[in-house]
Amino acid sequence: MLLITGGSYRVLYATLVSLFHIVSINALNVTDPLARTSIQKSYDLTKYLEHQLRSLAGPYLNYLGPPFNDPDFNPPRAGGTETIPSASVDFHLWRNLNDGLRLAENHRAYSLLLCYLQSIDEEVVRTELRRSLGQFCTSLQGLLVSIAGVMSSLGYQPPQELVTSYPPIAMGFGRGNDFLRKMEDFWLLKELQIWLWRSAKDFNRLKRKVPAVVAFRMESREL
């Protein structure tokens with residue numbers, strides 16, 4: 001008869017949990033026990049950026065002046081603003097992408113949007129507004145790092161750093177025309193709002209795909 005002492009039971013229990021964890025994780029392409037934590041961090045950063053953007057948008061639109069600060073102002077996209085990464089992708093098409101592609105698209109879009117925001121920051125003359133833009137850019141850089149971490153933890157190849165001009169040549173189409181420049185900035189804020197809203201939903205769905213046994217394993221290490 002096999003006699004299991006209290007200490008042996010703890011070791012056996014931890015071993016079984018670890019084995020179950022390995023089988024489950026391989027089946028779901030999760031290679032890092034911190035994946036769930038990494039996804040949660042990205043979700044939290046996204047929600048924080050949404051909060052920052054709400055605080056930033058009003059003062060920045062007032063800085064642009066009328067008609068951009070009119071709540072009812074809703075113009076069609078100007079010809080050159082398609083260079084700003086658009087989140088206006090068909091819902092079903094986006095959902096049918098695999099997790100790796102969605103994460104890569106998020107990373108690419110935020111990399112371009114960050115370059116554009118940094119170029120705006122150099123042009124703003126109001127000190128307080130520049131400070132807010134700088135803080136938002138810092139948070140967005142943190143989100144990029146976090147997305148790359150999520151990809152790595154799920155077994156996807158993290159994206160290479162986007163090599164682009166500063167600001168991107170394709171962006172800034174209206175830099176020679178004050179109204180078109182403001183129109184471009186207006187659409188940048190709108191697209192940022194949509195990207196962040198959709199990214200939060202992506203991370204929330206992704207978190208539900210990672211089995212709870214991942215977090216359970218972390219607890220078993222404390223036995």
Side-chain angles (χ1 to χ4, degrees), residues 28-30 35-58 60-61 68 71 73-78 80-118 120 132-133 135-162 164 167-168 170-171 183-210:
L28 291 169
N29 196 33
V30 180
R36 196 178 181 88
T37 302
S38 184
I39 295 168
Q40 182 65 50
K41 179 182 177 182
S42 295
Y43 173 82
D44 292 342
L45 270 171
T46 303
K47 299 303 289 184
Y48 179 64
L49 277 159
E50 283 187 306
H51 168 72
Q52 282 187 298
L53 184 61
R54 284 192 294 269
S55 299
L56 173 65
Y60 192 76
L61 291 175
F68 303 100
F73 183 62
N74 188 29
R77 287 186 66 135
T81 53
E82 70 269 8
T83 55
I84 296 174
S86 176
S88 302
V89 179
D90 179 76
F91 174 78
H92 296 291
L93 178 63
W94 183 258
R95 286 292 298 272
N96 286 333
L97 295 177
N98 67 40
D99 296 325
L101 284 175
R102 277 197 301 272
L103 287 166
E105 281 299 302
N106 274 284
H107 193 278
R108 184 192 69 83
Y110 289 127
S111 295
L112 288 169
L113 292 167
L114 176 60
C115 287
Y116 190 96
L117 281 166
Q118 288 170 330
I120 289 178
S132 297
L133 277 167
Q135 291 170 345
F136 187 86
C137 288
T138 299
S139 298
L140 196 54
Q141 286 173 327
L143 180 60
L144 284 168
V145 173
S146 189
I147 292 173
V150 170
M151 294 183 73
S152 179
S153 70
L154 294 178
Y156 298 114
Q157 181 67 35
Q160 295 182 349
E161 184 177 350
L162 185 65
T164 183
M171 294 182 180
M183 180 72 78
E184 195 174 44
D185 293 355
F186 174 85
W187 274 105
L188 172 71
L189 295 177
K190 286 183 72 74
E191 289 296 349
L192 268 168
Q193 182 183 35
I194 301 172
W195 273 107
L196 291 170
W197 173 81
R198 192 171 65 187
S199 295
K201 289 187 172 294
D202 288 344
F203 291 131
N204 209 27
R205 281 192 296 267
L206 193 57
K207 186 173 62 174
R208 292 198 296 268
K209 290 183 179 181
V210 178

Practice problem: Heavy atoms only: give me the nearest Val210-Arg36 pair and the separation to one decimal. | Solution: O-NH1, 2.6 Å
Exercise. Decide yes or no for Asp185 and Leu61: does some side-chain heavy atom of the first lie under 4.5 Å from some side-chain heavy atom of the second?
Key: no
Self-check item: CA sep, side-chain torsions, deciding dist, call: Ile120, Leu188, side-chain contact (heavy atoms from CB on, under 4.5 Å)
Solution: CA-CA 10 Å; Ile120 289 178; Leu188 172 71; 3.4 Å; yes
Quiz item: For the atom pair CD (Gln52) and CG (Leu133), what is the distance rounded to the nearest 0.5 Å?
Solution: 10.5 Å
Exercise. Taking all non-hydrogen atoms of both residues into account, name the closest pair between Pro75 and Met183 and its distance.
Key: CG-SD, 3.7 Å
Practice problem: Using the side-chain contact (heavy atoms from CB on, under 4.5 Å) rule, take Asp202 and Leu103 through it: C-alpha gap first, then chi angles, then the decisive distance, then the call. | Solution: CA-CA 9 Å; Asp202 288 344; Leu103 287 166; over 6 Å; no
Practice problem: Give a yes or no on whether the backbone of Gly142 and the side-chain of Ser146 come within a donor-acceptor separation of less than 3.5 Å. | Solution: no
Practice problem: Test Leu192 against Phe136 for side-chain contact (heavy atoms from CB on, under 4.5 Å), laying out the working first. | Solution: CA-CA 11 Å; Leu192 268 168; Phe136 187 86; 4.0 Å; yes
Quiz item: In Å and rounded to the nearest 0.5 Å, what is the CG to CZ distance from Leu45 to Phe203?
Solution: 8.5 Å
Exercise. Taking the side chain as every heavy atom from C-beta outward, state whether Glu50 and Gln193 have any pair of such atoms under 4.5 Å apart.
Key: no
Quiz item: Is a donor on one side and an acceptor on the other found under 3.5 Å between the side chain of Ser152 and the backbone of Ala148?
Solution: no
Self-check item: Smallest separation among heavy atoms of Lys207 and Gln40, with atom names
Solution: NZ-OE1, 2.6 Å
Quiz prompt | Tyr60/Phe68 aromatic ring centres below 6.0 Å | solution = no
Quiz item: So do Arg108 and Pro159 actually touch side chain to side chain, heavy atoms under 4.5 Å?
Solution: no
Quiz item: To the nearest 0.5 Å, what is the distance between CG (Leu206) and OG (Ser42)?
Solution: 9.0 Å
Quiz item: Looking at Ser132 and Leu56, what are the two nearest heavy atoms and their distance?
Solution: CB-CD1, 3.8 Å
Practice problem: Test Trp187 against Glu184 for side-chain contact (heavy atoms from CB on, under 4.5 Å), laying out the working first. | Solution: CA-CA 5 Å; Trp187 274 105; Glu184 195 174 44; over 6 Å; no
Exercise. Determine whether Val145 and Gln141 make a side-chain contact, defined as any pair of heavy atoms from C-beta on separated by less than 4.5 Å.
Key: no
Practice problem: Indicate yes or no: at least one non-hydrogen side-chain atom of Tyr156 is less than 4.5 angstrom from one of Asp99. | Solution: yes
Quiz item: Can you name the closest pair of heavy atoms from Cys137 and Leu117 and give their distance?
Solution: SG-CB, 3.7 Å
Practice problem: Could you grab the distance from atom CG of Leu144 to atom OG of Ser111, nearest 0.5 Å is fine? | Solution: 4.5 Å
Self-check item: Straight-line distance of Leu49 CG to Ser199 OG, nearest 0.5 Å
Solution: 9.5 Å
Practice problem: Measure from the side-chain N and O atoms of Asn106 to the backbone N and O of Arg102, and report whether any donor-acceptor pair falls under 3.5 Å. | Solution: yes
Quiz item: Roughly how far apart are Lys41 NZ and Tyr48 OH, rounded to 0.5 Å?
Solution: 14.0 Å
Quiz item: Just by modelled atom types, is the Lys201 backbone N or O under 3.5 Å from a matching donor or acceptor in the Tyr43 side chain?
Solution: no
Self-check item: Shortest non-hydrogen separation from Glu105 to Trp94 and the atoms involved
Solution: CB-CH2, 3.7 Å
